[in-house]
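Have a look at the structure below before the remarks.
All figures in this text were calculated on a predicted structure; none of them were measured in a lab. Letters A, B, ... mirror the listed sequences (proteins, then strands); counts begin at 1.
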Amino acid sequence: MEHNFGQDFVPAPGSFDKSRVVNVKPIRTLVPVFPSPSNPSSSSNPQGGAPFVCVSPSGPYPAGVAPLYPFFVSPESQRLSEQNAQAQAGQRLPAGPISTAVPINSFRTPTGATNGDIEMNEVDAEDGTGNGSHKRKSGKKGRKPKGARGAPTNVNPEAVANDIFESINPIVFDALSQPDGRDSVTYTLLVYEVLKRKLGQLEETSKDISGAKRPDLKAGALMLTKGIRANSKKSIGVVLGVEIGDIFFFRIELCLVGLHAPSMAGIDYIGTKTSQEEEPLAVSIVSSGGYEDNVEDGDVLIYTGQGGVNKDKGASDQKLERGNLALEKSMHRGNDVRVIRGLTDLAHPTGKVYIYDGLYKIQNTWVEKAKNGFNVFKYKLVRCPGQPAAYMIWKSIQQWTQKNASRTGVILPDLTSSAEKIPVCLVNDVDNEKGPAYFTYSPTIKNLKPTAPVESSAGCSCIGGCQPDNYNCPCIQKNGGYLPYSAMGVLADLKSVVYECGPSCQCPPNCRNRVSQGGLKIRLEVFKTKDKGWGLRSWDPIRAGTFICEYAGEVIDNARVEELVGENEDDYIFDSTRIYQQVDVFPSDTEAPKIPSPLYITAKNEGNVARFMNHSCSPNVLWRPVVRENKNESDIHVAFYAIRHIPPMMELTYDYGIVLPLKAGQRKKKCSCGSAKCRGYFC
DNA sequence: GTAATTCAGCGGTAT
DNA sequence: ACCGCTGAATTACTA
């Protein structure tokens, strides 16, 4: 019982040994539970409760197209807190007078139906299962051999998209054909992510892809054309499957999930032509700072109408038409209006983050003179009460950052004691625990018995950093011909192993192929969860595919693992040999993370933030082995990446995997991830 | 280093 | 046909 020095413990800045804190058991030590033999109740998958969904590989890949990054997904809603879920459940129905939703200009005829086109809607309509009608081309072109990408070839984005869509797991089609919900939203965004990155990757290498200069737009257009989208009926109020606090990084994502249809305009409305109504009615707005909006506080928004800017004619008065008219009409009807707040993404200052902040009502509208002297419309929107915090969370974080507001529950401003470049806060606003058990913070993995590299590892000689179009770079070749990271530093093309540049490479530390080597980039904090011990979450919004951290600790061998298991000291063990569930959007392209040789890491005594990441059966983080080029020894790391966009302050979790068979003395532990797809236990 | 500019793009509504 | 609170790269600035 190490609870002794907990209560009167006061961290003395500077003098304090940060790693010495009170024992709090992590989730892994929760009461063991024996597996219930075949649990038929976990039946949300169409294969009838089988724990693994397997679809035989198919893979017609066009020349030059490597198999895709298959983001694992469990489409579980995973919210900050239960209140959010409650609020969602109790969410009001659309308050507007429009009871029947209006279809967006959807399901257009697929353009240029080349061979291999998929008719999404037929899948929906025919048998409802999506299993049978999803035709696959019988295996023709084989998979290109690893690293065999040759000179740049012209690639048709639509062919790329078709191949991707063809490799989609039928369960995705099932979800998409169901009434729209969280699954269809999650899957839609996942497929979009994969397609966007693939197009971006190809654009970098083969230069000549028609229309792929904007992979975000191109990918979005292809998705819409094929009907891979959610909530294609435009409606006022709640959007099924989209939760307050959800974040997006591209405007077209808002369109894909049915939150906000226009790809650019800030006001979405239902026009008179597309509905039975006499007047246009507003649906949603995006406030991105393009106009002179004011933000009084988190719950009030002064929004500026659209128009009055014309790049040819210059400025002019805004007119009461289109979106402006719709907002006015919606105000008179007392309709709810969805609000999406756009902020600059600090991680990528060139980009934006969009936060869905829930429903607002328009309280007032007026005309005023803008700075340029022309009339603009103003709308005062007030947030409907009872909704979970979303944008407010961002404001709070901003205030903590600026030290303007003191935060309750902070135990340590930096539990790494500057071992990381950026501080990691330790906080408990739940109870009186003063911190986790003693451990030494170590930012990286320690391999006490280095082994020779499995493969030859001469490294590259890319002096200015590895370039995506350099076909001769050996590091790129190891990754199958493409850099594994996108230009935005996001995991773009992941197979079972990521090959990064390493000590034997001549490229600089800022090389795009060294993403996991720069230490923490995201501001993380270790916090006390309600019922899972300590956990990990982020102050910053995280893009899907972003590197989060590696699993630091001491490398041990299997014998030691079994010892520790026998002593019931197996918490904090990372075990690469477990079975990692792969319910995939793209089963044919997915390989479970595979390590050249088994890797066991214990972070019991020594570790980094990763040791605090809890298990979830619906995780938002996954791991991949990262092999770095190193002549003298094998240089393997375990890196964690975001599966999807993760809003600030949402707990980060990964799947601990399944141990088969159980080691002597090993017991499964009861899982409290709370997910609807929870397996009930983990190891 | 940051700010302004440029440019190719998209979905949607209205004509 | 026209419009719009894109998004990223490029150029132009300021310091």
Per A/Arg229 side chain, nearest of listed nucleotides B/dG12, B/dG11, C/dT6: B/dG12

Ring-ring centroid check A/Phe249 A/His645, cutoff 6.0 Å: yes

A/Tyr354 side-chain N/O to C/dC5 phosphate OP1/OP2 under 4.0 Å: no

Polar pair under 3.5 Å, donor/acceptor by atom type, side chain A/Arg214, base C/dT6: yes

Watson-Crick or G-U wobble partner of C/dC5, both distances under 3.5 Å: none

Nearest listed nucleotide, side chain of A/Phe250, among B/dA14, C/dC5, C/dA8: C/dA8

Options C/dG4, C/dT6, C/dA8, nucleotide nearest the side-chain atoms of A/Arg251: C/dT6

Nearest-nucleotide comparison on DNA chain C, the residue closer to the 5′ end among A/Gly307 and A/Ala487: A/Gly307

Residue whose closest nucleotide on DNA chain C lies nearer the 5' end, A/Ser263 versus A/Met488: A/Ser263

Residue A/Thr350, side-chain heavy atoms: nucleotide from B/dT13, C/dA8, B/dA14 that is nearest: C/dA8

Residue A/Gln306, side-chain heavy atoms: nucleotide from C/dG7, B/dA14, C/dG4 that is nearest: C/dG4

Sugar-phosphate only, base, or nothing, as touched by A/Gly342 at under 4.0 Å among non-hydrogen atoms: nothing

A/Thr272, nearest nucleotide to its side chain (from B/dC10, C/dT6, B/dA14): B/dA14

Sugar-phosphate only, base, or nothing, as touched by A/Gly220 at under 4.0 Å among non-hydrogen atoms: nothing

